[in-house]
Trainee: 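Shown below is the structure under consideration.
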2 protein chains.
Amino acid sequence: MKLSNTSEYALRILCFMTKDENRLYSAKYLIDELKISDKYLRRLMTDLTKAGFITSIQGRDGGYKFLKSSGEIYLADVINAVEGMDKYTGCALGFCECSDTNPCVMHSTWVPVREEFLKAFTTKTIRDLDIMTVTKY
Amino acid sequence: MKLSNTSEYALRILCFMTKDENRLYSAKYLIDELKISDKYLRRLMTDLTKAGFITSIQGRDGGYKFLKSSGEIYLADVINAVEGMDKYTGCALGFCECSDTNPCVMHSTWVPVREEFLKAFTTKTIRDLDIMTVTKY
DNA sequence: ATAAAATATTACTTCAAAGTAGCATTTAAT
DNA sequence: ATTAAATGCTACTTTGAAGTAATATTTTAT
């Protein structure tokens, strides 16, 4: 029940960028502020760009800035962009054919947990995160 | 939001053993029925034995059987015995100092999900799982 | 006593996620 | 044109969970 580093980083980056939503952020600056390694962050930025959340400006004085409003970027969308939600929405025991009509032993136990997870990640956007009350990203 | 294979196997094994709660189960039989590899299953059985859920009978005609009643073995206890619950109850973003008074950006989003998870795993026992309605373990 | 059939332990191998390195490409200022 | 400062891409290395192999130990039936 911890997100993968990949999803964690993606959410932290986008969230951090809402501090000044119209600013252009260089990779260098994000790396320093968020303590994420250079190449890993750049790879994620490319994924987030391809997903259409941000746009990248190449060349000198380049960087990244929001293309969509942070209020339109759902948490589940971010996870889908960098690794896919499958891992988080599947059967607790990994049975690929698990369903309400063909449940595994954990099914009824797991359903409410998964529902709560899905509710949070499909209704909350990057803008809804606790940006103002927080010092750690 | 999938359990690790280690926890998955542990839960499946104990759950399967409730089909006939007083029976003695050999490792060989469990391996065949649950399609878990020999050495991995044996290692888990040792962990489950040390945790006091089951007892192992060595020597010829040996095997494993419940020491505690399945109704007294909480799901969280099982996870604790084989890998620890920390991974499942921590901050979504992996901040070790994350708390209500010093939250990360995901904190308020994550709390209800974690609560639902904890409720399920600390109140349900092995006996509460959907054993009767199920063909897959 | 011995053999058979079970569990216990330790060390090794494999695999996928995470992280790193190096080079290519792009663009603005000079 | 050239240089500097940024992003983009491909391949490699590391790390920890998962899985495997080999061997030791225990106990019952004969």
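So you know, we letter chains A, B, ... as the sequences are listed, proteins then strands, and number each from 1.
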Trainee: To the nearest Å, give me how far apart CZ (A/Arg42) and C1' (C/dT26) are.
Mentor: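 Value for this atom pair: 13 Å.
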Trainee: Please determine if B/Arg23 forms a cation-pi arrangement with B/Tyr25, meaning its NZ or CZ atom is less than 6.0 Å from the six-membered ring centre and no more than 45° off the ring axis.
Mentor: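 B/Arg23 over B/Tyr25 ring: yes.
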Trainee: At less than 4.0 Å, is any side-chain N or O atom of B/Ser56 found next to OP1 or OP2 of C/dA8? Yes or no.
Mentor: yes
Trainee: Would you give a per-nucleotide map of nucleotides 11-25 of chain D, 5' to 3', where B means the base has a protein non-hydrogen atom under 4.0 Å away, S means only the sugar-phosphate does, and - means neither?
Mentor: B------SBBBB---
Trainee: Of all of residues 18-35 of chain B, which get a heavy atom below 4.0 angstrom from DNA chain C, listed by number?
Mentor: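 Residues of residues 18-35 of chain B that come under 4.0 Å of DNA chain C are, in numerical order, B/Ser26, B/Ala27.
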Trainee: Quick one: B/Met45 CE to C/dT7 P, roughly how many Å, whole number?
Mentor: 8 Å
Trainee: Side chains of B/Phe53 and B/Met45: does their closest heavy-atom pair fall under 4.5 Å?
Mentor: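 No - every pair of side-chain heavy atoms lies 4.5 Å or more apart.
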Trainee: Atom CG of B/Leu41 to atom P of C/dA8: distance rounded to whole Å?
Mentor: 11 Å
Trainee: Is it true that B/Thr6 and B/Tyr40 share a donor-acceptor pair across their side chains at a distance under 3.5 Å?
Mentor: yes
Trainee: Any donor and acceptor pair, going by atom type alone, linking the side chain of B/Ser7 with main-chain N or O of B/Ser4 inside 3.5 Å?
Mentor: no
Trainee: For A/Leu44 and C/dA17, give me the distance from atom CG to atom P, rounded to whole Å.
Mentor: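 The answer, rounded to whole Å, is 14 Å.
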Trainee: Contacts to DNA chain D from residues 59-70 of chain A, heavy-atom cutoff under 4.0 Å, which residues?
Mentor: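 Result for residues 59-70 of chain A: A/Gly59, A/Arg60, A/Gly62, A/Gly63, A/Tyr64, sorted by number.
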Trainee: Tell me, with the steps shown, if B/Lys119 and B/Glu115 meet salt bridge (Lys or Arg N to Asp or Glu O under 4.0 Å).
Mentor: CA-CA 6 Å; B/Lys119 190 176 85 182; B/Glu115 289 297 312; over 6 Å; no
Trainee: Is it the case that one hydrophobic cluster holds both A/Val113 and B/Tyr74, taking links as side-chain heavy atoms less than 4.5 Å apart, direct or via other members?
Mentor: no
Trainee: Using the C1' atoms of the five pairs at each end, what is the angle between the end axes of the helix from C/dA1-D/dT30 to C/dT30-D/dA1, to 10°?
Mentor: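 Computed angle between terminal axes is 10°.
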Trainee: Any donor and acceptor pair, going by atom type alone, linking the side chain of B/Asp128 with main-chain N or O of B/Thr125 inside 3.5 Å?
Mentor: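 Checking the backbone N and O of B/Thr125 against the side chain of B/Asp128, a donor-acceptor pair under 3.5 Å is found.
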Trainee: Just to confirm, is there a sub-4.0 Å distance from OP1 or OP2 of C/dA8 to any side-chain nitrogen or oxygen of B/Thr46?
Mentor: yes
Trainee: If two hydrophobic side chains count as joined below 4.5 Å and joins carry through other members, does A/Val82 share a cluster with A/Tyr88?
Mentor: yes
Trainee: With A/Asp32, which residues qualify under side chain to side chain donor-acceptor pair (under 3.5 Å), at least two apart?
Mentor: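 Checked A/Asp32 against side chain to side chain donor-acceptor pair (under 3.5 Å); zero matches.
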Trainee: Supply the atom-to-atom distance A/Asp47 CG to A/Lys50 NZ, rounded to the nearest 0.5 angstrom.
Mentor: 6.5 Å
Trainee: Should A/Val111 and A/Val105 be counted in the same cluster of Ile, Leu, Val, Met, Phe, Trp and Tyr side chains packed under 4.5 Å apart?
Mentor: no
Trainee: Quick one, A/Phe121 and A/Asp77 - any side-chain contact, counting heavy atoms below 4.5 Å?
Mentor: no
Trainee: Return the set of residues passing side chain to side chain donor-acceptor pair (under 3.5 Å) with B/Glu21 (not counting sequence neighbours), or none when no residue passes.
Mentor: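 Side chain to side chain donor-acceptor pair (under 3.5 Å) list for B/Glu21, sorted by chain: B/Ser70, B/Arg127.
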